[in-house]
Each structure stands twice: as C-alpha cells, then as structure tokens.
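Values in this document were obtained by computation on a predicted structure and should not be read as measured data.
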Amino acid sequence: MLKDVAQTEDLCRQLPQLGRLLDGEPVRALLDRWPREVVAAAARHVLDEIRREVLDGLLNEAGLQARLRELDRAIAEQAQRTSRLSLRRVINATGVILQTNLGRAPLSQTAIRNMTQVAAGYSNLEFDLHTGKRGRRDDHAEALILRVLAARGADLDPSGYAAMVLNNCAGATFLALNSLAEGGEVIVSRGELVEIGGGFRIPEILRKSGAILREVGTTNRTRIADYARAITPETRLILRVHRSNFRIEGFTAQPGLDELAALGREAGVPVFEDQGTGCVVRLAEIGMREQSNWIRSVASGVSLVAASGDKLLGGPQCGLLVGQCRLIEQMRTNPLARAFRPGKLTYAALEATLLAYLADQEKTLPAIAMMHITAPELRTRCQTLVDRLEASPLEAKVVPVRSVIGGGTTPGAVLRGFAVALRHPAMREEYLLKALRQMDPPVIARTRRGEVLLDLRTVFPEEDEALAAELVKLELTA
Ligand SMILES: *Cc1c(COP(=O)(O)O)cnc(C)c1O
C-alpha cells in the first residue's frame, strides 16, 4: 500500500507544470489558433484529467508516457471543444415537426430576412414613424394578429379586441392570471389541472400568480352546472386549459367554449382559455381529426385566449394574448408585463409569419410545409438516400413510419410517411445513434426495433445531400 502511494506520487511528479507546458513546443503552437486563456484552461483540464486517472490507479508508467506523448493533441481537442458554439444547427431526422427539445418551429425565409435586417441596425421598435413620438412595441403585431384571425374566419369586432405579444404562452397564461385574478378565485375543471411540460403545472402557476384555485367537476366529467354553482362574489375568472398533450376518452363530458362564454357573460366573470397551439390551418386537410383551433377559440366569445407562436402557427417563440380591450389593458398596465416582453427579433419574425397567412402563403412556413409533405414524396427522397448508401457498410432500407406533429399539439394524431432504417453490422443501434449526433452538423434520429430511423419529413430537402455525404463518410470512422 505504502509502495503504491509512493509510486503514484512519483507518476504525478512526471506531469509537466502548466506554465512550462504553455511556453514549450508544441503547445506554444496552439497559441496561434486560440487565445492564451483558452489554451491554458484546456491544458489545465487535460492535466487534471490525467492526474485523476493516476490517482485512481488507472495509469501505470507506460500508460502515463503514452498520454504525455499525446498531450498537445488532447489539449488542442479540448480547446476546440470549449471554443465551439454550444447552440448549433442540427438536422432533425426524428420526424417530430414541433420537437420542443430541438427548438420547435423553424422560421420561414422571409421571417429570417426580416430578423436579419432588424438585428443588423436600428428599428422603430418603440417609435411611431407617423408622429415622431414614442410608440409601443405591441403596435407592430397587434393589428396583424387581429387581421389574421378575421381573415381566417373569426368574426370579431376589431374595435372590441386587442392583442399582446409575450415571451411564450406560459408567460402569457401567468400574466393573465396575475392581472385578472390575484387575490380572488379562479374556477378550473378537475380534468384540466394539467402539466403542460417542463414542470409547468396549472395548480402551481395559479398559486404563484396569487389566485386561489376553485376546482370543479371530476377528471373525466365536468358540466356547465358545476361551473355555475362554483361562482361566488370571490370569483375573478373561469379558466379553460386546452388538453394539448393528452387525450381522455370514454365516459367524458366538457362544456363547449361557447357555453362557458355565455355563462361568463351572464355572471359577469371573464372566461380565459389557455389554448396553446395557435393553430389557424385546417388539420383535416392533412387527414387529422379537427382539434382545438385558435380561430374557433377566439370566435367562441370567451374574453381572452392565450396561444404559442412557435407551435402550429409556425412562427417564433412567443405567447399571443387576444381578448377584450379592457382585459388586455389590465395586462399592459401590470408592472410584471415588462418582465414578459419579447425582444425586437421576435416581432420581426412574428410579423413575417402572420403576413404569410394573410397572403395565403402559409406553406412558406417550414412547419406547415412539413405537415403537407406526402408519403410518396418521402418515399422517393428516402430511396435516393438508400441508393447513395449502397457502397457503405450501413445497411439501409425504406420503411413506412408514423410520425407526430409534437410540441404538445395534436395528441393521438399521426402522419403517415416513410423513413430510412439504418443498421450497422458491427454497431448496436444506440452507438449508431450516438455516431450520428457526433456528425457535423449533428443528426438527431430515433430507434425502432434495433434500427435507427431517419425520418425525412423534418429534414429540409436541401439537407438531404449533406446528410448522405456525411453518412457515407461515417463508414470510414465506424
Ligand atoms: C404548449 C402549451 C403551453 C406552453 O406554451 P409555451 O409557448 O411553450 O410557453 C401552455 N398551454 C398550453 C395549453 C400549451 O399547449
């Protein structure tokens, strides 16, 4: 034991000193490529790693010498790793169009151009070009939001409605609850006390907003009479939460939004729906059962509706509140509103997205276009990729798949298409999956029964060639 300690100390003494390492060749050559502190941090990291391995008894004299001979390469790799951008473009081959972990909706070319222009210079973000006075940032999108809703069939009286843009739908819901119901009661069906994702749970958010939860009905059945009975002088709001990420089937009941709206009007209590998806397209066109829809929600007569900008609307991450002017005004004057306001780039992308709907050009929005890709189109692209991989040790074939839109938008609904199923004779599927993630750009895929599936629905057609080229190269390193 004592001898081991002495030996370990002896090995550790052979590690070079950081200062000397940086001044000596060949590490000094790395200083041409990276700033000194980056190389120093990388060298410290690598030395610490080797020291730990020595202390853990994982390296003997020969092992240590081998590591020291490779020292400059290890430091260069570590420096490279730490100076690369962390947030990077990836190829989404999961087939999930609104994959939350992969950033949900990709933006249209027009939205990107608009963002670039606004980002590169100054803009009239809060400046009224007409009067030359201070303006509001919401002015840019408000009229467009109401016009899109009207153009797509929500028969609104534009003078009675207003709209507001926030960072996301979660923020919109919180601000609405805090502005309209702090200190009072909010009536919610027990079937809607849901978790939306990422720990955003309605009962907790309600509590944080300062409102008191008044549960009615049961998990599967809530009737309009349950709501009516729960209304007291303390009631500030009736809340409806769209079940966007799950479905309940069987012996169920839930009043329609219009019934809730009528009850609210009668009782003088505003009705707020957290609608979520922001959907303004007809999902029936792509063979999906009609789900909740932003237009119908706003048209139902409820007082206020919250939706996301980057789900089925296909725009940038933001929250959209549409409702009676009086209620929107209450939210605008809430001192918390500033904490939820988006930056200028969001407005730039949102305006372009909304204009696409007004021009009937929504298929220029990638998320909408991806929903409309047909199975035969996918099969052709998959076959091209399979042909490209003919000489590769990867076994590839075209297989039918079902994919989902994702992002908590259309539970239970599937899109039929095709994918390329990959197998490597010497590699288990999870290693192949990992190898794909290490490609440049990284490719994110899914596995099914021992195979890796590349679902091209979410791969941009112009990425097909780069994907094929990278996969062909993969054989060399596998
Ligand atoms: C997705 C969703 C949210 C959260 O939206 P974010 O924009 O991600 O904050 C809130 N409510 C419902 C009903 C949703 O579907």
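- Under the 4.5 Å side-chain criterion, counting only non-hydrogen atoms from C-beta, Val404 is not in contact with Leu415.
- Remark: the backbone N or O of Val271 is paired with a side-chain donor or acceptor of Ser303 at under 3.5 angstrom.
- Side-chain atoms of Thr235 come within 3.5 Å of backbone atoms of Thr232 as a donor-acceptor pair (strictly under, hydrogens ignored).
- In terms of modelled atom types and a separation under 3.5 Å, the side chain of Ser308 and the main chain of Asp310 share no donor-acceptor contact.
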Could you please spell out the steps behind the side chain to side chain donor-acceptor pair (under 3.5 Å) verdict for Glu273 and Ser297?
-> CA-CA 8 Å; Glu273 187 195 25; Ser297 288; 2.5 Å; yes

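- Using a cut-off of 4.0 Å between Lys/Arg side-chain N and Asp/Glu carboxylate O, Glu126 and Arg136 are scored as not salt-bridged.
- Atoms CG and OG1, from Leu422 and Thr447 in turn, are 12.0 Å apart once rounded to the nearest 0.5 Å.
- Judged purely by distance below 3.5 Å, without hydrogens or angles, the side chains of Gln254 and Glu192 pair a donor atom with an acceptor atom.
- The closest side-chain heavy-atom distance from Leu156 to Leu149 is below 4.5 Å.
- The closest side-chain heavy-atom distance from Ile196 to Arg201 is not below 4.5 Å.
- Using a 4.0 Å cut-off between charged nitrogen and carboxylate oxygen, Glu451 and Lys397 count as a salt-bridge pair.
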Just do the salt bridge (charged side-chain N to carboxylate O under 4.0 Å, His left out) check on Arg152 and Glu362 with the steps written out, would you?
-> CA-CA 12 Å; Arg152 297 276 160 156; Glu362 62 261 31; 2.9 Å; yes

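- Shortest non-hydrogen contact noted between Thr222 and Tyr227 is CG2-CE1, 3.6 Å.
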Determine, step by step, whether Glu470 and Lys473 satisfy the salt bridge (charged side-chain N to carboxylate O under 4.0 Å, His left out) criterion, reporting the C-alpha distance in whole Å, the side-chain angles of both residues, the deciding distance to 0.1 Å, and the verdict.
-> CA-CA 5 Å; Glu470 284 294 320; Lys473 267 198 276 175; 3.1 Å; yes

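- For the pair Pro316 and Leu107, the tightest heavy-atom approach, listed with the atom from each and the gap, is N-CD2, 3.5 Å.
- Side-chain contact, Thr380 with Gln383: no donor N or O sits under 3.5 Å from an acceptor N or O.
- Annotation: Arg134, atom CZ; neighbour count of heavy atoms from other residues, nucleotides and ligands within 6.0 Å does not exceed 12.
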Between Thr364 and Gln361, does a side chain to side chain donor-acceptor pair (under 3.5 Å) hold up when you go through it step by step?
-> CA-CA 6 Å; Thr364 59; Gln361 296 285 322; 5.3 Å; no

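- Within 6.0 Å of the CG atom in Asp155, the count of heavy atoms belonging to other residues, nucleotides or ligands does not exceed 12.
- Rounding to the nearest 0.5 Å gives a distance of 12.5 Å between OG of Ser403 and CD of Gln99.
- In terms of modelled atom types and a separation under 3.5 Å, the side chain of Asn124 and the main chain of Leu129 share no donor-acceptor contact.
- Heavy-atom minimum distance, Asn92 versus Thr458: O-OG1, 2.7 Å.
- Residues Ser209 and Leu177 come closest through the heavy atom pair OG-CB, 3.5 Å.
- Contact between Asn167 and Gln317 at its shortest, heavy atoms only, is O-NE2, 3.2 Å.
- With hydrogens and angles disregarded, a donor-acceptor distance shorter than 3.5 Å links the side chain of Arg381 to the backbone of Leu456.
- To the nearest 0.5 Å, atoms CD (Gln275) and CG (Leu257) are separated by 9.0 Å.
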Decide side chain to side chain contact (heavy atoms under 4.5 Å, CB included) for Leu180 and Leu327; before the verdict, give the C-alpha distance in whole Å, the side-chain angles of both, and the deciding distance to 0.1 Å.
-> CA-CA 8 Å; Leu180 306 181; Leu327 302 184; 4.0 Å; yes

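- The number of heavy-atom neighbours closer than 6.0 Å to CZ of Phe246, taken from other residues, nucleotides and ligands shown, is above 12.
- Considering only heavy atoms from C-beta on, Leu304 comes within 4.5 Å of Ile328 through its side chain.
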Arg388 and Glu465: CA distance, side-chain angles, deciding distance, salt bridge (charged side-chain N to carboxylate O under 4.0 Å, His left out) verdict | CA-CA 9 Å; Arg388 281 290 310 270; Glu465 180 44 41; 2.6 Å; yes

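- For the pair Arg221 and Phe251, the cation sits on the ring face: its NZ or CZ lies under 6.0 Å from the ring centre, inside 45° of the axis.
- A cation-pi contact links Arg89 to Phe460, judged by a cut-off of 6.0 Å to the six-membered ring centre and 45° from its axis.
- Of the possible polar contacts, none joining the Glu351 side chain to the Ala348 backbone as a donor-acceptor pair under 3.5 Å is found.
- Closest non-hydrogen pair, Arg243 versus Gly191, comes out as NE-O, 3.1 Å.
- Rounding to the nearest 0.5 angstrom, the gap separating the CD1 atom in Ile286 from the OG1 atom in Thr410 is 8.0 Å.
- Around atom CZ of Arg190, more than 12 heavy atoms belonging to other residues, nucleotides or ligands sit under 6.0 Å away.
- At least one donor-acceptor pair under 3.5 Å links the side chain of Arg457 to the backbone N or O of Met370.
- Using modelled atom types, no side-chain atom of Gln324 and backbone atom of Arg326 make a donor-acceptor pair closer than 3.5 Å.
- Interatomic distance, Leu320 CG to Asn168 CG, rounded to the nearest 0.5 Å: 10.5 Å.
- When atom types are taken as modelled, the side chain of Asp138 and the backbone of Val165 share a donor-acceptor pair closer than 3.5 angstrom.
- Around atom CD of Glu390, no more than 12 heavy atoms belonging to other residues, nucleotides or ligands sit under 6.0 Å away.
- No salt bridge links Arg446 with Glu430; every basic N to acidic carboxylate O contact stays at or beyond 4.0 Å.
- A donor-acceptor contact shorter than 3.5 Å links the side chain of Ser108 to the backbone of Ala111.
- At a threshold of 4.5 Å between non-hydrogen side-chain atoms, the residues Leu144 and Tyr357 do not count as touching.
- Between Phe340 and Phe174, the two ring planes are tilted [angle within 30° to 60°].
- Applying the 6.0 Å contact sphere to CZ of Arg448 captures more than 12 heavy atoms from other residues, nucleotides or ligands.
- Crowding of Arg282 atom CZ: a count of heavy atoms from other residues, nucleotides or ligands under 6.0 Å not exceeding 12.
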